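Input: a single structure, listed below in structure tokens.
Fair warning: this is a prediction, and the values are worked out from it, not measured in the lab.
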Amino acid sequence: MAGLRLGPLLRYVDWVDGGSATVWVEADRPCTAEVRCADGAAGSVRTFQIAGHHYALVPVTGLTPGTTTAYEVLLDGVRVWPLSGSGFPPSTITTPAVAGPGRPAPELRVTFGSCRQAAPPAGRRGPHGPDALDTLAARLAAEPGAVRPDVLLLLGDQVYADQLSRDTRRWLAARRDLREPPGAQVADFEEYTRLYYESWLDPEIRWLLSTVPSLQIFDDHDVVDDWNTSEAWLAGMRATPWWQERVLSGLMSYWVYQHLGNLSPAELAADELYGAVRAGPDGTDALRAFAAGADADPGSVRWSYRRDFGRSRLLMVDTRAARVLAEDGRAMLDPAEHQWLRDNALAAQGGYDHLLIGSSLPWLMPPLIHDAEVWNAALCRGERGPRWARIGEDLRRRADLEHWAAFPGSFGALSDLIEEVGTGPRAPSTVMVLSGDVHHAYVAEPRIPSTARVFQLTCSPVHNSIHFAVKLGFRLGWSRLGRWLGRGFSRHGRTGRPPLSWRRTGGPWFGNQLMTLVLAGRTARLWLDQARSGGSGARLVTVLDRRLTEPE
């Protein structure tokens with residue numbers, strides 16, 4: 001009898017007609033995976049096999065717009081979800097009401113964050129404090145009538161391939177000699193599966209992901225710290241004997257566990273790789289060849305994607321694999337990727353009220369850090385000679401100087417695009433860049449002559465920590481002294497002033513946290529909740545509640 005190894009994860013929910021969804025599962029053997037809803041909606045599909053593991057992305061059709069229905073999962077006709085005696089409320093699929101004449105677009109509630117180390121098992125304390133996502137799940141499970149997010153945006157570092165828990169290190173040590181590279185880091189696809197089990201089998205997280213749709217994108221730790229920082233970094237990694245298997249396994253596991261669920265049923269039907277993997281008894285070779293092609297030629301694959309939620313548009317942007325690393329042409333996005341972003345931001349302009357750009361890396365950083373990254377990029381280009389170029393490359397890796405500012409041309413292009421989208425009679429009410437990565441939260445606003453309100457909203461970590469010295473560095477980065485020091489970097493690097501200026505209008509906040517946007521009509525509201533320990537356990541504390549726009 002087939003068993004459920006992982007999942008279910010509710011991934012896609014249709015916001016066009018409200019009639020379909022997808023549910024991801026992993027089984028322990030080949031089988032037919034089926035989803036049955038209490039209202040009669042259903043779907044089933046055969047599992048596909050990758051490296052001895054069996055997966056299914058079940059398309060659910062026949063859902064009724066504007067309703068919430070409980071569902072169960074069956075494998076070969078036997079119910080495997082919900083788990084017997086779990087104590088959690090039923091897993092449900094909630095569909096939006098369809099807008100139409102006299103019916104406004106439904107309110108959209110988006111919760112987002114990044115950088116989540118797996119929470120320790122129940123009864124064991126970990127080094128990072130309470131997990132914000134775990135705490136949110138516990139609160140929603142305890143209050144079945146509470147308003148839930150319409151979607152979770154997980155903006156990178158969903159797993160840490162290079163920073164493993166004690167339990168996973170023990171598991172690896174029983175599998176291979178950790179004295180051999182890459183040591184206590186994951187090495188292959190099987191070891192990546194362990195990371196997802198550790199993270200997504202957490203009871204609260206498992207229930208939350210079964211009932212709240214999620215959209216995901218990778219960042220560096222999903223593969224390795226500072227992934228694709230520079231051309232020299234990549235050349236050095238490719239010279240190591242373990243890197244090829246690591247990067248291929250990272251891309252393969254990302255495709256299976258994260259990327260597939262980002263796609264709509266129509267996109268899945270048109271995806272040649274998905275069709276090839278499902279067509280045969282074992283899709284490992286096809287997926288491995290795809291990953292090898294993506295590594296050799298990043299421009300051959302698009303990990304970025306678009307989702308429209310009524311009159312809100314999300315463009316989730318790949319800021320890792322799509323980079324151009326040659327020093328004489330460095331870019332955060334290759335030309336085709338930038339054109340994709342531009343085309344989708346401008347498509348049907350005037351037909352949406354809010355544009356959300358999901359970027360794992362912040363666009364607007366603390367000014368001192370921004371200036372340091374622009375200066376460092378100039379040094380690495382050779383603006384101050386070969387000696388400074390060597391110093392710059394070493395500093396770039398040690399200090400993680402690889403955000404949008406480290407790609408000055410890309411920073412300027414994104415700034416220009418945001419100003420173009422946000423200006424004129426067809427401009428949306430807001431343009432917001434949603435980011436994580438930097439282990440603190442803040443709100444920043446650029447000074448540009450746009451019609452729309454423009455924000456950088458950064459929220460990180462969900463469950464991690466930050467060294468005290470780094471915390472001081474971020475505070476300095478936002479200070480007046482930091483701005484003065486940044487101008488010194490600019491003078492030395494001969495980089496001039498940034499193409500725009502910005503100010504911090506919220507934060508910085510440090511801790512395990514989640515941001516939530518509520519978009520209704522042309523209005524936007526923002527919450528920031530932090531997970532804090534207390535006598536009765538962890539709880540979420542709201543530290544920011546702010547209107548980003550005023551009602552018209």
>> Side chains of Trp404 and Ser359: any donor to acceptor distance under 3.5 Å?
In response: yes
Residue set satisfying side-chain contact (heavy atoms from CB on, under 4.5 Å) with Leu485, at least two apart, ordered chain then number -> Leu368, Leu476, Leu481
Quick one about Gln163 and Gln117 (side-chain donor to acceptor, distance below 3.5 Å, no hydrogens or angles considered), yes or no? yes
Checklist line | Aromatic ring proximity, centroids under 6.0 angstrom, Trp375 and His370 | finding: no
Next on the checklist: Checking side-chain polar atoms at under 3.5 Å, does Gln339 have a donor or acceptor matched by the opposite partner on Asp343?
Outcome noted: yes
Between the CG atom in Leu314 and the CG atom in Leu355, the distance rounded to the nearest 0.5 Å is 8.5 Å
Note to self: Could you tell me if Glu245 and Ser249 have a donor-acceptor pair between their side chains, going purely by distance under 3.5 Å?
What the structure shows: yes
Output for pair (Asp226 CG, Met237 CE), nearest 0.5 Å, gives 10.0 Å
Does any donor atom in the side chain of Asp162 or His221 lie under 3.5 Å from an acceptor atom in the other side chain?
-> yes
**Report entry** Trp303 six-ring centre to Arg320 NZ/CZ under 6.0 Å and within 45° of normal
**Finding:** no
Separation between SG (Cys459) and CG (Leu514), nearest 0.5 Å, reads 5.5 Å
Note to self: Main chain of Arg109, side chain of Asp150: is a donor-acceptor contact present, judged purely on distance under 3.5 Å?
What the structure shows: yes
Could you tell me whether the side chains of Asn464 and Tyr160 share a donor-acceptor contact shorter than 3.5 Å? yes
#### Entry: Residue pair Thr111 / Thr516, side-chain donor-acceptor N/O under 3.5 Å
yes
No-hydrogen, no-angle side-chain donor-acceptor test under 3.5 Å, Arg116 and Ser199
yes
When you compare the side chains of Glu267 and Tyr12, does any donor N or O come within less than 3.5 Å of an acceptor on the partner?
no
For this session: Consider only side-chain N and O atoms of His53 and Glu190, and report whether a donor and an acceptor are under 3.5 Å apart.
Result: yes
Subject >> Note: Arg302-Glu337 ion pair, threshold 4.0 Å (strictly below) >> reply: yes
Distance col, row Glu383:CD vs Trp388:CH2, nearest 0.5 angstrom, shows 14.0 Å
Value for OG (Ser253) from CG (Asp188), rounded to nearest 0.5 Å, stands at 10.0 Å
(request) Taking Asn512 for its side chain and Asp131 for its backbone only, find out whether a donor-acceptor pair lies under 3.5 Å. (result) no
Short side-chain donor-acceptor distance under 3.5 Å, Thr505 and Glu445 = yes
| said: Has Glu198 got a side-chain atom pairing as donor or acceptor with Leu195's backbone, closer than 3.5 angstrom? | reply: no
Sorted by chain and residue number, the side-chain contact (heavy atoms from CB on, under 4.5 Å) partners of Ser214 (sequence neighbours excluded) come out as Arg11, Leu152, Leu209, Gln216
Check: Can a cation-pi geometry be assigned to Arg330 and Phe407, taking NZ or CZ under 6.0 Å from the six-membered ring centre and within 45° of the ring axis?
Finding: yes
ring-ring contact (aromatic ring centres under 6.0 Å, His included) pairs touching residues 313-346, sequence neighbours excluded, are none
Discussion item. Before we go on, tell me: are the rings of His440 and Tyr442 under 6.0 Å apart, centre to centre?
Written reply: yes
(message) Using a 6.0 Å cut-off, check whether atom CZ of Arg497 has over 12 heavy atoms from anything other than its own residue.
(response) no
Ring-plane angle category for Tyr254 and Phe218, please: parallel below 30°, perpendicular beyond 60°, tilted otherwise. tilted
- Does a side chain donor of either Glu191 or Thr193 reach within less than 3.5 Å of an acceptor in the other side chain? no
Tell me if a side-chain donor or acceptor on Arg323 pairs with a main-chain N or O of Thr319 at a distance below 3.5 Å. yes
Ring centroids only, cut at 6.0 angstrom: are Trp227 and Trp243 within range, meaning strictly under it? no
Note to self: Are Tyr55 and Tyr257, when compared by the centres of their aromatic rings, separated by less than 6.0 Å?
What the structure shows: yes
